[in-house]
Amino acid sequence: MATLRQSPIAATIAFDEDGVRHGFLRLPYSRDDSAWGSVMIPITVAKNGEGPTALLTGGNHGDEYEGPIALFDLARSLKTEDVSGRVIIIPAMNYPAFRAGTRTSPIDKGNLNRAFPGSPDGTVTQKIADYFQRTLLPMADIVLDFHSGGRTLDFVPFAAAHILSDKNQEAASFAAVAAFGAPFSMRMLEIDAIGMYDTAAEEMGKVFMTTELGGGGTATALTAGIAKRGVANVLRHAGILHGTVEAAETRWLNMPSGECFTFAEDEGLIEPLVDLGQPLRRGDVLARVHPVSHTGAEPIVFQTKLDGILAARHFPGLVKAGDCIAVVGVTE
């Protein structure tokens, strides 16, 4: 079996020294405007003695902002004496996408959350994934990866973990979700888990949780506040940050099957008929899509296949064939 070449990414700070250090993951990237240039991904490492390691990430998709807000703030404010163990903070994993405000990288159009395990001699996005796969994830005991809906989706604010075959790992992940304390907590189903950061972490046996906190390509005071309180709670739950978990009421939801998802089959103008968080009964009309190429045509009607609440919706006013237009969360 061929040996993988060493990652071209170099950290400018140490991972194993006590204290709080701010630096970069430097990825060489030669281009027209910088012959010997680099992609400089900001990173903070806070370490104090022995203990578990938390890996905290945002900006896996570049148009999702609650995670970067919470993590840039935490990186600025965290002190050595606050910590027992180690916290690795990367507010914007896919830094080129984050700076561009796009879901995927403007360099190679790579979706970082579908690029794992990556490659040390692949595209820029694949090189970032490889570094996380081979260097950062093995260090971690617990992983929190922030997401929200980006420009095209909007969610009720929830923290989530996946149903796993290892029930001890699953229980530990859902305990972290409960500690996060979002208004909703989701037992999550992915429609395509291949190549995901989530899958890479879970296959290593890590405690992994994620979020979906709003969307529309922006953040709100509410969702940013949920992210900031939640990450502190997870660190306290893990025994890394001193203090007790701030109690918060959460409502548990399930995504039991593909029937949770509704997809458009034609393009048009979407008319929402249910708002986020509203209850639904099987057969209720979620939305209508009006043809826009001419007048006088009947709209296409979309009905829910399950009882629950509207957990996610398409955000822009126009939809294309294949767009996810709604997700139903089944209440417990």
Side-chain angles (χ1 to χ4, degrees), residues 51-58 60-61 64 66-67 70-71 74 85-90 93 112-114 116-117 132-133 136-148 155-213 226-241 244-257 260 311-312 327 329-332:
T53 292
L55 176 57
L56 310 175
T57 53
N60 193 328
H61 296 130
E64 302 173 4
E66 285 82 2
L71 296 181
L74 181 66
R86 180 170 56 181
V87 185
I88 301 171
I89 305 170
I90 303 174
M93 290 174 71
L112 181 57
N113 211 28
R114 298 296 185 275
F116 284 81
F132 273 83
Q133 179 88 32
L136 295 177
L137 280 175
M139 297 183 194
D141 298 291
I142 184 168
V143 182
L144 166 54
D145 184 39
F146 279 101
H147 285 265
S148 56
F155 289 88
V156 295
F158 66 77
H162 297 106
I163 303 297
L164 301 173
S165 57
D166 183 326
K167 293 305 174 185
N168 290 329
Q169 181 187 8
E170 177 189 290
S173 297
F174 281 119
V177 169
F180 186 97
F184 295 89
S185 295
M186 181 74 80
R187 303 184 195 278
M188 199 167 188
L189 169 72
E190 296 290 349
I191 57 176
D192 178 16
I194 296 173
M196 292 185 70
Y197 182 47
D198 315 40
T199 306
E202 289 161 355
E203 288 179 346
M204 290 186 191
K206 308 301 180 180
V207 175
F208 180 89
M209 63 161 296
T210 186
T211 69
E212 295 289 358
L213 301 174
I226 292 167
K228 291 166 71 173
R229 288 190 301 272
V231 68
N233 274 343
V234 169
L235 290 176
R236 294 182 187 118
H237 166 77
I240 298 171
L241 185 66
T244 57
V245 173
E246 182 181 328
E249 185 176 345
T250 191
R251 185 178 181 187
W252 284 89
L253 303 172
N254 283 302
M255 297 172 67
S257 72
C260 294
V327 180
V330 176
T331 55
E332 293 190 355

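Index from 1, following the sequence.
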Has Asp141 got a side-chain atom pairing as donor or acceptor with Thr53's backbone, closer than 3.5 angstrom?
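Yes, because the side chain of Asp141 sits within donor-acceptor range (under 3.5 Å) of the backbone of Thr53.
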Backbone N/O of Glu202 and side chain of Gln169: donor-acceptor pair under 3.5 Å:
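Indeed, once roles are kept as given, a pair shorter than 3.5 Å links the two residues.
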Distance (rounded to the nearest 0.5 Å) between His237 NE2 and Glu246 CD
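Answer rounded to 0.5 Å: 15.5 Å.
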Which heavy atom in [X] sits nearest to a heavy atom in [Y], and how many Å separate them?
X	Y	result
Cys260	Met255	SG-CA, 3.5 Å
Leu55	Ala140	CB-CB, 3.8 Å
Ala159	Met209	CB-CE, 3.7 Å
Pro117	Gln133	CA-OE1, 3.3 Å
Ala238	Pro52	O-CG, 3.6 Å
Thr331	Arg251	CG2-NH2, 3.3 Å

With sequence neighbours left out, what residues match [X] under side-chain contact (heavy atoms from CB on, under 4.5 Å)?
X	result
Ala172	Val207
Asn254	Arg187, Pro256, Val330, Glu332
Ala193	Glu190, Met196, Thr199
Ala54	Leu56, Ile142, Leu235, Ile240

Tell me which pairs pass side-chain hydrogen bond (donor to acceptor under 3.5 Å, both in side chains) where either residue lies in residues 170-182, with sequence neighbours left out.
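Listed once each, the pairs are Lys167-Glu170.
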Just so I know, are the side chains of [X] and [Y] near enough to count as touching, which here means a heavy-atom distance under 4.5 Å?
X	Y	answer
Phe174	Ile163	yes
Asn113	His61	yes
Trp252	Val177	yes
Leu136	Thr57	no
Asn60	His147	yes
Tyr197	Val143	yes

Applying side chain to side chain contact (heavy atoms under 4.5 Å, CB included) between Val231 and each of Ile89, Thr211, Leu71, Val87, report the one that passes.
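By the side chain to side chain contact (heavy atoms under 4.5 Å, CB included) criterion, Val231 pairs with just one of Ile89, Thr211, Leu71, Val87: Leu71.
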Only pairs under 3.5 Å count here: list side-chain donor-acceptor contacts from residues 178-186, not counting sequence neighbours, and write none if there are none.
from	atom 1	to	atom 2	distance (Å)
Ser185	OG	Thr250	OG1	2.7

side-chain contact (heavy atoms from CB on, under 4.5 Å) for Ile90 and Phe132? Distances and angles first, verdict last.
CA-CA 11 Å; Ile90 303 174; Phe132 273 83; 3.5 Å; yes
Does the side-chain hydrogen bond (donor to acceptor under 3.5 Å, both in side chains) test come out yes or no for Asp145 and Thr210, once each step is laid out?
CA-CA 5 Å; Asp145 184 39; Thr210 186; 4.7 Å; no
